Protein chains: 2
Amino acid sequence: MAKRTQGRPAGLSRERIAAAAVDLVDRQGLESFGVRRLASELGVDPMSIYNHIKGKAALLDAVSEAVLTEVSAPATQWPDDWLDIARAMAHGYRDMAVRHPRIFPLLATRAQTSAVALAALERLTAAMRRATLADRAVADAPLVLFGFLNGYLLATLSTDPGGSDAPATPPAFDPARYPTLAALAPLQAGFGGAAEFERMLEAVLAGIAEGATGPPATR
Amino acid sequence: MAKRTQGRPAGLSRERIAAAAVDLVDRQGLESFGVRRLASELGVDPMSIYNHIKGKAALLDAVSEAVLTEVSAPATQWPDDWLDIARAMAHGYRDMAVRHPRIFPLLATRAQTSAVALAALERLTAAMRRATLADRAVADAPLVLFGFLNGYLLATLSTDPGGSDAPATPPAFDPARYPTLAALAPLQAGFGGAAEFERMLEAVLAGIAEGATGPPATR
DNA sequence: AGGCTACGATCTACACCGTAGGTATGCAGA
DNA sequence: TCTGCATACCTACGGTGTAGATCGTAGCCT
């Protein structure tokens, strides 16, 4: 009766689906994202997606994996010094988060066990060990570093709700109730900016380095 | 016709609803949480909830506000030293997160602008200023500290999916592909434990202190 | 006492969601 | 040519959040 396109290939693949999903979440946000929306974006029946990805959860996994892969371009030459490696990884990670602020909460929320993620950790910890740092500190470093990165980036990029594009304004404080915060407010001009990130990253790295070389936990 | 209970008060209130929602998310997880489930838990029509809270988003706000309020018991005596204040706040925060692992992602994801949250930041920054630390470092401290706390706790408490109660096992590594990670694995025995938290917290605090007193960002 | 008003609880209905199960189509190898 | 098989589609079901109308009760004012 009606025109049928059932058997004809539509060029779907896990990669193409994931790419379209990334694009759609970037534009419309996580809130409104769904299988049906994605399907109509691809000009395809919703259920067709299930032939390549087995459910919405797996779809979100594919999305986060796709953006995570962006972070380390395959041809990047990594430095030798572990601190420089950590800095490079942090910057790449932040750049990705800035490119995909609506997707980032996915990464921070879900446990990352993909090959790219593990490879990055391996690089970092191997370099730290080569520098003969204390094993304890080396083992702790990834959790401290990426804990901070995830939390900080979540806080500075949180313009989650669907529509408007607020330019990441810092919240304004009532000077009567919170005098110190109000007094410090001018210093938060570059909230979420690159310079701020730099300072905080260095603070965290200093903390890691201190624990790795200085007095071990003389609390 | 059927028994009507329409006019009779059901004892609903924002607080009672929030408390029930906290309890329900604790037990069943965020995934399956919904207005209808909550209503049936309260023995009430779904739409009745809307007379007190204006939508699902506001409901989740109420939930996160409720658990955030737990963190600082009203009668707590706060120390004078800013480091001790930071430690106390961090511990209280972690205790809350451990009590409500299914709820915590809400706190880490949404911007916290409630009165309790701001009051806590005011306490911390005021103490740091009293200690005549550099203003820059004082202004940065909350973001560094809570960035780390949110990210780290998200990572260690992530047993998100609805049903099973996995005891927060660290992931296992393939020794061939990731030799360093595998070698370090034994050190991750207490993954997510109190001792680990202590070490990492001290590392972050050391980083903050270093930036506040030592050489400022001689990068 | 009688009547009015405001409020909270309920009911109905709608658009939308994820996805299980079944069906049709084209292609590769026999 | 016939047979499998992968892939795309269709239908349908139970679930969701919530707008709008309706109903019963409590508390006031005269």
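To find a chain, count down the sequence lines: A is the first, B the second, and so on, and within it residues start at 1. These numbers come from a predicted model, not from an experiment.
Asp45(B) has its CG atom 15 Å from the P atom of dG24(D), to the nearest Å. Rounding to whole angstrom units, CD1 of residue Ile17(A) and C1' of dA8(D) are separated by 11 Å. Here the P atom of nucleotide dT7(D) and the CZ atom of Arg16(A) are 14 Å apart, to the nearest Å.
The side chain to side chain contact (heavy atoms under 4.5 Å, CB included) search around Asp26(A) returns Val22(A), His100(A), Ile103(A), not counting sequence neighbours. Listed by chain and residue number, Ser13(A) satisfy the side chain to side chain contact (heavy atoms under 4.5 Å, CB included) test with Glu15(A) (two or more places apart in sequence, or in another chain). A search for side chain to side chain contact (heavy atoms under 4.5 Å, CB included) contacts involving Ala62(B) returns Arg14(B), Ala18(B), Ile53(B), not counting sequence neighbours. Residues that satisfy the side chain to side chain contact (heavy atoms under 4.5 Å, CB included) test with Asp61(B), not counting sequence neighbours, are Arg110(B).
Residue pairs meeting the side-chain hydrogen bond (donor to acceptor under 3.5 Å, both in side chains) criterion with at least one member in residues 115-127 of chain B, sequence neighbours excluded, are Thr180(A)-Glu122(B). For residues 44-59 of chain A, the set of pairs meeting the salt bridge (charged side-chain N to carboxylate O under 4.0 Å, His left out) definition, not counting sequence neighbours, is empty.
Annotation: side chain of Leu38(A) is in contact with side chain of Leu59(A) (closest heavy-atom distance under 4.5 Å).
Of the residues in residues 48-57 of chain A, those placing a heavy atom less than 4.0 Å from an atom of DNA chain C are Tyr50(A), Gly55(A), Lys56(A), in numerical order. In the region residues 32-43 of chain B, proximity to DNA chain D at under 4.0 angstrom, judged on heavy atoms, holds for Gly34(B), Val35(B), Arg36(B), Arg37(B).
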Side-chain donor/acceptor pairs under 3.5 Å, residues 136-149 of chain B, sequence neighbours excluded:
residue   : atom : partner   : partner atom : Å
Arg136(B) : NH2  : Leu187(A) : O            : 2.3
Asp140(B) : OD1  : Arg199(A) : NH2          : 2.9
Asp140(B) : OD2  : Arg199(A) : NE           : 2.6
Asp140(B) : OD2  : Arg199(A) : NH2          : 3.0

